[in-house]
Trainee: 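First, the structure itself, so that you have it in front of you.
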Amino acid sequence: MDGNELIKKLEGLVPAFSEGLDQAFSLEDLEALRIEFLGRKGRLAEIMAALPAISSEDRPLAGRTANEVKGRLTDLFDGRKAALEQAKDDSASATFDPTMPGRAPWRGSLHPVTLVMEEICGIFKGLGYDIVTGPEVENDYYNFEALNIPADHPARDMQDTLYVTDSIVLRTHTSPLQVRTMLARKPPVAIVAPGKVYRRDSDLTHTPMFHQIEGLLVDTDVSMGDLRGTLTSFVRQVFGADVKVRFRPSFFPFTEPSAEVDISCVMCGGKGRVDGKPCRVCKETGWVEILGSGMVDPAVFKAVGYDPEKYTGFAFGLGVERVAMLKYGIGDLRMFFENDVRFLGQF
Ligand code: PHE
């Protein structure tokens with residue numbers, strides 16, 4: 001073999017290797033090709049074995065060509081190998097099974113507290129009540145003073161109220177909306193006011209923030225019978241026609257007379273026991289309290305400039321979490337505030 005022949009044979013390896021690469025569809029194919037061309041007994045080695053036999057003039061060029069060819073083959077090999085490895089990764093993650101059921105997009109849902117607020121506000125809206133809102137950081141005057149809660153009243157105790165300054169509080173109830181509404185509007189007035197309220201209270205059944213809905217109706221000749229009829233029909237719309245309603249005498253500084261409203265316990269159906277065991281919702285009484293109410297106290301009318309001789313009205317305040325717990329059978333108040341989607345997604 002002379003030098004020229006050897007160089008030609010060496011150069012011929014490049015297209016032959018390329019062709020082989022075109023047929024190498026797996027890393028195994030590729031490895032077989034590498035052994036065939038670049039292996040210890042491969043085609044390159046075989047040609048190189050003839051190198052010592054050629055003339056010493058041709059040998060340097062032949063040697064250089066051999067190195068170049070080896071470099072080319074190695075580059076081609078590396079490129080193909082990288083491409084095959086990439087393809088292997090891609091196909092592993094992109095396996096597509098057309099028989100798999102589709103993945104439904106996640107759907108948001110309203111918080112049970114929001115649902116109950118919307119339902120209750122909707123009921124009163126249907127009766128012609130307006131929905132109003134007001135500030136959660138409230139002036140002492142609206143939260144207490146104008147509601148006939150004088151400075152020395154126990155409800156003002158630091159135990160219950162979160163103070164921002166001496167005269168500014170986080171509202172402890174939605175009742176300041178009674179005052180704000182009456183100061184802004186002339187009678188007749190019919191409003192409901194949903195919102196957050198705050199108290200210095202935190203245990204199993206109390207959270208420092210919870211929700212209330214305030215209601216207020218003022219007109220000439222509003223009677224306790226109107227309060228009773230309105231709240232009874234409202235409660236039946238929320239809890240069903242079979243629920244029993246009871247009005248219990250109570251006291252609030254801003255209503256006179258006052259009544260707390262109980263409904264027959266939704267857990268035990270008013271029996272006080274579930275499966276022979278004491279009902280933990282009503283504590284065996286068969287009744288649960290859901291709202292406070294009463295006839296607007298004349299002192300409140302005076303504070304807002306309504307004539308108590310001409311106008312009468314009723315007001316009520318209801319705890320939203322409480323209603324939601326009873327309505328949906330939720331046993332733990334803390335569920336409302338943990339934002340666990342497994343809980344929230346059920347409503
Ligand atoms: N504001 C009272 C409370 O938070 C509830 C209430 C509202 C009572 C309106 C009577 C009239 O307990």
Side-chain angles (χ1 to χ4, degrees), residues 113 116-117 120-121 124 129 131-136 138-150 153-157 159-162 169-182 189-201 205-219 222-224 226-232 234-235 245-263 288-301 303-304 306 308 311-323 333:
V113 166
V116 167
M117 289 214 287
I120 293 174
C121 288
F124 281 98
Y129 286 61
I131 292 162
V132 304
T133 54
E136 291 166 30
E138 187 56 287
N139 209 293
D140 180 282
Y141 180 76
Y142 299 107
N143 195 80
F144 293 129
E145 196 72 42
L147 288 165
N148 198 32
I149 308 175
H153 195 279
R156 291 194 172 214
D157 198 301
Q159 292 284 316
D160 308 316
T161 308
L162 290 154
V169 301
L170 296 186
R171 69 180 177 193
T172 57
H173 51 182
T174 42
S175 299
L177 266 309
Q178 292 186 34
V179 180
R180 287 180 171 275
T181 302
M182 288 191 278
V189 159
I191 57 111
V192 282
K196 294 181 167 68
V197 301
Y198 302 84
R199 286 184 198 177
R200 249 183 90 155
D201 224 348
T205 54
H206 297 89
T207 47
M209 185 280 290
F210 60 101
H211 297 78
Q212 283 191 335
I213 296 177
E214 192 79 8
L216 174 70
L217 177 84
V218 181
D219 204 342
V222 177
S223 73
M224 192 90 183
D226 295 318
L227 175 146
R228 232 192 126 110
T230 303
L231 293 181
T232 302
F234 152 71
V235 164
V245 187
R246 168 171 97 170
F247 288 73
R248 206 166 19 84
S250 186
F251 174 81
F252 298 101
F254 36 92
T255 48
E256 182 59 35
S258 302
E260 275 170 317
V261 178
D262 299 340
I263 60 170
V288 282
E289 182 197 322
I290 59 159
L291 53 83
S293 68
M295 302 306 291
V296 179
D297 195 293
V300 179
F301 281 149
V304 298
Y306 279 16
Y311 296 107
T312 49
F314 67 72
F316 60 88
L318 155 155
V320 180
E321 280 82 358
R322 183 100 205 209
V323 170
L333 179 69

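Indexing begins at 1, ligand by ligand and atom by atom, following the structure's order. Count residues from 1 along the sequence.
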Trainee: Please state which part of Arg171 comes within less than 4.0 Å of ligand 1, counting heavy atoms only: side chain, backbone, both or neither.
Mentor: neither
Trainee: Side chains of Asn143 and Thr172: is there a donor and an acceptor less than 3.5 Å apart?
Mentor: yes
Trainee: In the protein, which heavy atom is nearest to atom 5 (C) of ligand 1, and how far is it?
Mentor: Gly317 CA, 4.0 Å
Trainee: Below 4.0 angstrom, N of the basic side chain to O of the carboxylate: do Glu214 and Arg180 qualify?
Mentor: no
Trainee: If you measure every N or O of Ser175 against every N or O of ligand 1, does any of those distances drop under 3.5 Å?
Mentor: yes
Trainee: Keeping the roles fixed (side chain from Glu321, backbone from His211), state whether a donor-acceptor pair exists under 3.5 Å.
Mentor: yes
Trainee: State if Arg199 counts as touching ligand 1 under the rule of any non-hydrogen atom under 4.0 Å.
Mentor: yes
Trainee: Below 3.5 angstrom, do we get any N/O pair linking His173 and ligand 1?
Mentor: yes
Trainee: What protein heavy atom is closest to atom 2 (C) of ligand 1, reported as residue, atom name and distance in Å?
Mentor: Phe254 CZ, 3.8 Å
Trainee: Under a 4.0 Å heavy-atom limit, does Ser293 contact ligand 1 with its side chain, its backbone, both, or neither?
Mentor: backbone
Trainee: Run the ring pair (Phe, Tyr, Trp, His ring centres under 6.0 Å) test on Phe316 and Phe124 for me, step by step, so that the C-alpha distance in whole Å, both residues' side-chain angles and the decisive distance to 0.1 Å come before the verdict.
Mentor: CA-CA 12 Å; Phe316 60 88; Phe124 281 98; 5.1 Å; yes
Trainee: What atoms in ligand 1 come closer than 4.0 Å to a heavy atom of Gln178?
Mentor: 9 (C)
Trainee: Would you check whether Gln212 has a nitrogen or oxygen atom less than 3.5 angstrom from a nitrogen or oxygen atom of ligand 1?
Mentor: yes
Trainee: Any side-chain to backbone donor/acceptor pair from Thr232 onto Gly229? Under 3.5 Å, distance only.
Mentor: no
Trainee: Less than 6.0 angstrom from the centroid, inside 45 degrees of the normal: does Arg171 satisfy that with respect to the ring of Tyr142?
Mentor: no
Trainee: May I ask you to list the atoms of ligand 1 that are less than 4.0 angstrom from any heavy atom of Phe316?
Mentor: 7 (C), 9 (C), 11 (C)
Trainee: Between Phe252 and His173, is the gap from one ring center to the other below 6.0 Å?
Mentor: no
